[in-house]
Amino acid sequence: MLRKCLIANRGEIAVRILRACRELGVRTVAVYSEVDADARHVHLADEAVALGGAAPSESYLNADRLIAAALATGCDCVHPGYGFLSEVETFAEAVIAAGLVWVGPPPDAIRRMGVKTEARALIQKAGVPLAPGFQSDAADDAAFLTAAGQIGYPVMVKAAGGGGGKGIRVVYDPAALAESLAAARREALHAFGDPRVYLEKFIERARHIEIQVFGDSHGNIVHLFERECSAQRRHQKVIEESPSPLLTPELRVDMGAAAVEAARAVGYVNAGTVEFIAAASGEYYFLEMNTRLQVEHPVTELVAGLDLVKLQFAVAAGEALPFTQADLMQRGHAIEARLYAEDPRAGFLPATGVLLRFLPPTGLGVRVDSGVESGDAITIHYDPMIAKIIVHDSTRAGAIRRLDAALRETTLIGTTTNLGFLRALVNHPAFAASEIDTNFIERHLDELLPSDDLPLPDAALIAVALSDLSSGRTAGSAQAANDAPGDPWALADGFRLGRGGTP
Amino acid sequence: MQKTYVYNGRTVMIDLAPLPDGRWRAQIDGREHIVTVRPLPDGGVTLTLDGERRTVYVERAGADRLAALDGIVYTLSPPEVRGGRRRGVRPGANELTAQMPGQIREVLVSEEQAVARGQTILLLEAMKMEIRAAAPADGVVTRLLVKAGDVVERGQRLAEIRPDEGTEDGA
């Protein structure tokens with residue numbers, strides 16, 4: 001069993017991992033950059049180590065400092081969370097070389113799945129469906145043009161060393177291929193230091209279905225069913241759910257088995273996700289494998305009734321999975337919405353600010369994973385996600401209503417958020433009908449942007465005016481300090497509880 | 001007592017008066033409500049008006065008042081701000097402002113340099129996202145107000161550019 005863990009991350013995922021450690025009796029060491037000294041993940045940890053400046057390179061991306069902190073505090077394991085160094089195999093290797101347990105997949109599996117062209121070759125050998133494509137390090141543009149013609153337009157030009165949707169170009173016309181190849185190579189070189197690109201058939205009206213897999217060090221690999229993440233904006237997931245209304249029981253068994261084969265092909269251990277693109281016809285193709293815990297893992301936890309983070313620690317400690325595939329089942333329906341500090345009306349550019357008041361929703365079947373609370377700041381340095389709001393109910397329709405109610409109950413003052421956008425998406429008829437494909441948001445953006453001129457409810461105006469009266473300092477009028485009869489919030493007789501009609 | 005605010009560019013007025021029974025009378029745009037007010041321990045307030053209960057949270061950001069109700073935040077501003085730049089004022093044609101809060105990653109031009117419309121003046125980075133700030137018109141960079149590494153707010157002025165004569169829109 002593991003005793004003490006360094007959590008090499010921040011924000012909601014660090015908090016999530018800390019809580020799992022507490023339940024397991026594993027002591028925790030948080031790390032923080034100079035702007036995170038008072039962050040929630042630091043407060044919750046048993047010990048905390050300052051890493052350095054706010055820039056990720058000086059803190060959460062600094063492998064040497066992280067390993068030094070783990071050794072100095074007597075940790076026996078490191079959990080990387082997601083993002084930052086979670087899929088950097090050299091960091092995983094360095095952790096292991098320092099005599100620490102890496103709570104994640106083998107470094108070799110991270111490396112082999114990280115190079116997309118290598119992953120495609122591996123997957124093909126394992127018999128997992130691949131979108132028709134073309135890859136060759138030696139081919140010239142003429143060879144790419146011939147290949148694209150054989151695949152059939154539209155085709156995607158993708159970066160071999162890439163991921164996360166970066167550098168992808170869709171080409172509809174042979175005449176545009178050469179230019180797209182050149183641009184994709186430039187972008188790939190800039191973003192990943194690797195100019196190699198490959199072609200893949202572009203599936204129109206595609207759905208994003210991913211399968212959660214889990215392996216142990218005794219050779220067992222199971223899948224924990226699917227998540228559908230088709231509601232995306234520029235390859236960034238917005239809403240995730242499980243089960244996917246698209247999958248028939250047969251397709252689910254099929255894709256689950258394919259995902260397990262993909263994981264087996266790289267000797268996978270611990271939590272991973274195999275992503276597929278599915279066409280409305282039911283054909284599906286391997287997209288990529290994410291060799292880490294995903295942001296949207298709570299959706300699977302609620303439906304499968306498992307704690308994936310605790311399972312990660314058990315498997316990392318060498319234990320066998322406590323179940324077989326036959327023991328697993330899906331129960332009810334779960335949906336996650338990602339609450340971001342961003343301005344949907346300004347092209348979704350990130351926003352910052354101090355959370356003057358953040359009251360997350362609560363109640364039956366409502367789970368909120370967040371790393372911030374009232375008074376905390378959303379800064380320019382890190383991801384703008386404020387919270388994940390996850391609901392669970394027995395049916396999909398019930399889960400949709402529960403999510404809408406939870407979003408409505410969310411109070412967040414102090415930064416611009418996508419809350420109104422999320423509610424519009426959840427209430428869109430296409431969402432209820434499960435007709436959302438990966439380009440739906442872009443095509444229907446007009447219907448999803450909240451109005452920039454909502455009528456002002458009288459209750460909001462009354463509350464503001466009352467609060468100005470209570471403070472004596474007012475935005476409303478210069479003489480208000482004189483004409484306020486006192487402090488209605490706490491002092492004025494006319495305002496006290498228990499007077500008048502208020503019991 | 002009367003209060004005046006600006007909401008989405010429009011002036012809104014409210015007249016509030018305490019009643020002997022502890023309730024309040026609110027008059028807004030010809031509508032009258034008799035309001036029961038219950039402050040909550042967490043700083044919010046539950047108002048009962050016309051038989052319906054609504055819980056509102058109000059916070060201040062400078063002179064602005066932010067009221068949250070049912071997942072939506074309404075911003076009320078004072079009727080006028082003396083000696084300050086009003087929010088939402090459009091930048092002049094000769095200045096470049098930050099489209100988002102962030103850190104200046106790189107400044108690609110120098111003062112007195114001639115630039116073409118659309119040319120990248122600097123790169124702004126926030127939360128793993130990078131955006132280009134481009135020259136709004138052909139012209140000359142007269143002032144650079146930031147340098148690499150500076151942290152800027154949304155709407156902050158980054159550079160001043162003197163447009164070439166005759167190249168502005170409509171000229």
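Sequence lines set the chain letters: A, B, ... in the order given, protein chains first and strands last, and positions in each chain run from 1. Bear in mind that the values here come from a model prediction, so they are computed numbers and not experimental data.
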Under 4.5 Å from any heavy atom of chain B - which part of [X]:
{"X": "A:Leu359", "result": "side chain"}
{"X": "A:Thr417", "result": "neither"}
{"X": "A:Thr410", "result": "backbone"}
{"X": "A:Ala55", "result": "neither"}

Of all the heavy-atom pairs spanning [X] and [Y], show the shortest one and how long it is.
{"X": "B:Gly71", "Y": "A:Leu419", "value": "O-CD2, 3.3 Å"}
{"X": "B:Arg65", "Y": "A:Asp468", "value": "NE-OD1, 2.6 Å"}
{"X": "B:Tyr74", "Y": "A:Ala460", "value": "CD1-CB, 4.2 Å"}
{"X": "A:Arg357", "Y": "B:Gly43", "value": "NH2-CA, 3.9 Å"}

Residues, nucleotides or ligands: over 12 heavy atoms within 6.0 Å of B:Arg154 CZ |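 Open.
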Above 12 or not: heavy atoms from other molecules or residues under 6.0 Å from CD of B:Glu153?
-> no
Identify which of A:Leu461, A:Thr352, A:Thr411 forms the greatest number of heavy-atom pairs closer than 4.5 Å to chain B.
->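 Top option by heavy-atom pairs under 4.5 Å: A:Leu461.
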Name the option with the most non-hydrogen atom pairs under 4.5 Å to chain B; the candidates are A:Leu454, A:Leu412, A:Val354, A:Ile378.
->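 The residue among A:Leu454, A:Leu412, A:Val354, A:Ile378 with the greatest pair count is A:Leu454.
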[atom1]-[atom2] distance between [X] and [Y], expressed to the nearest 0.5 angstrom:
{"X": "A:Thr379", "Y": "B:Gln103", "atom1": "OG1", "atom2": "CD", "result": "10.0 Å"}
{"X": "A:Ser467", "Y": "B:Tyr57", "atom1": "OG", "atom2": "OH", "result": "14.0 Å"}
{"X": "A:Ile413", "Y": "B:Arg60", "atom1": "CD1", "atom2": "CZ", "result": "12.5 Å"}
{"X": "B:Ile72", "Y": "A:Arg423", "atom1": "CD1", "atom2": "CZ", "result": "6.0 Å"}
{"X": "B:Ile14", "Y": "A:Ile462", "atom1": "CD1", "atom2": "CD1", "result": "5.0 Å"}

Segment of B:Gln99 engaging chain A (4.5 angstrom heavy-atom cut-off) = both
Residues in residues 341-349 of chain A near chain B [non-hydrogen atoms, under 4.5 Å] |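 From residues 341-349 of chain A, the residues near chain B are A:Asp343, A:Ala346, A:Leu349.
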Are A:Asp452 and B:Asn8 close enough, and set up right, to give a side chain to side chain contact (heavy atoms under 4.5 Å, CB included), and what steps lead you there?
-> CA-CA 8 Å; A:Asp452 63 350; B:Asn8 278 352; over 6 Å; no
Donor + acceptor pair across side chains of B:Tyr7, A:Asp453 (<3.5 Å) | no
Residue selection (most heavy-atom pairs with chain A, distance under 4.5 Å) from [options]:
{"options": "B:Asp29, B:Asp70, B:Leu16", "value": "B:Asp70"}
{"options": "B:Ala68, B:Pro101, B:Ala67, B:Gly102", "value": "B:Pro101"}
{"options": "B:Ile28, B:Val73, B:Val56, B:Leu69", "value": "B:Ile28"}

Audit row: A:Asp458, B:Asp50, side chain to side chain contact (heavy atoms under 4.5 Å, CB included) steps and yes/no | CA-CA 11 Å; A:Asp458 286 352; B:Asp50 309 324; over 6 Å; no
Is any side-chain heavy atom of A:Leu469 closer than 4.5 Å to a side-chain heavy atom of B:Lys3?
-> yes
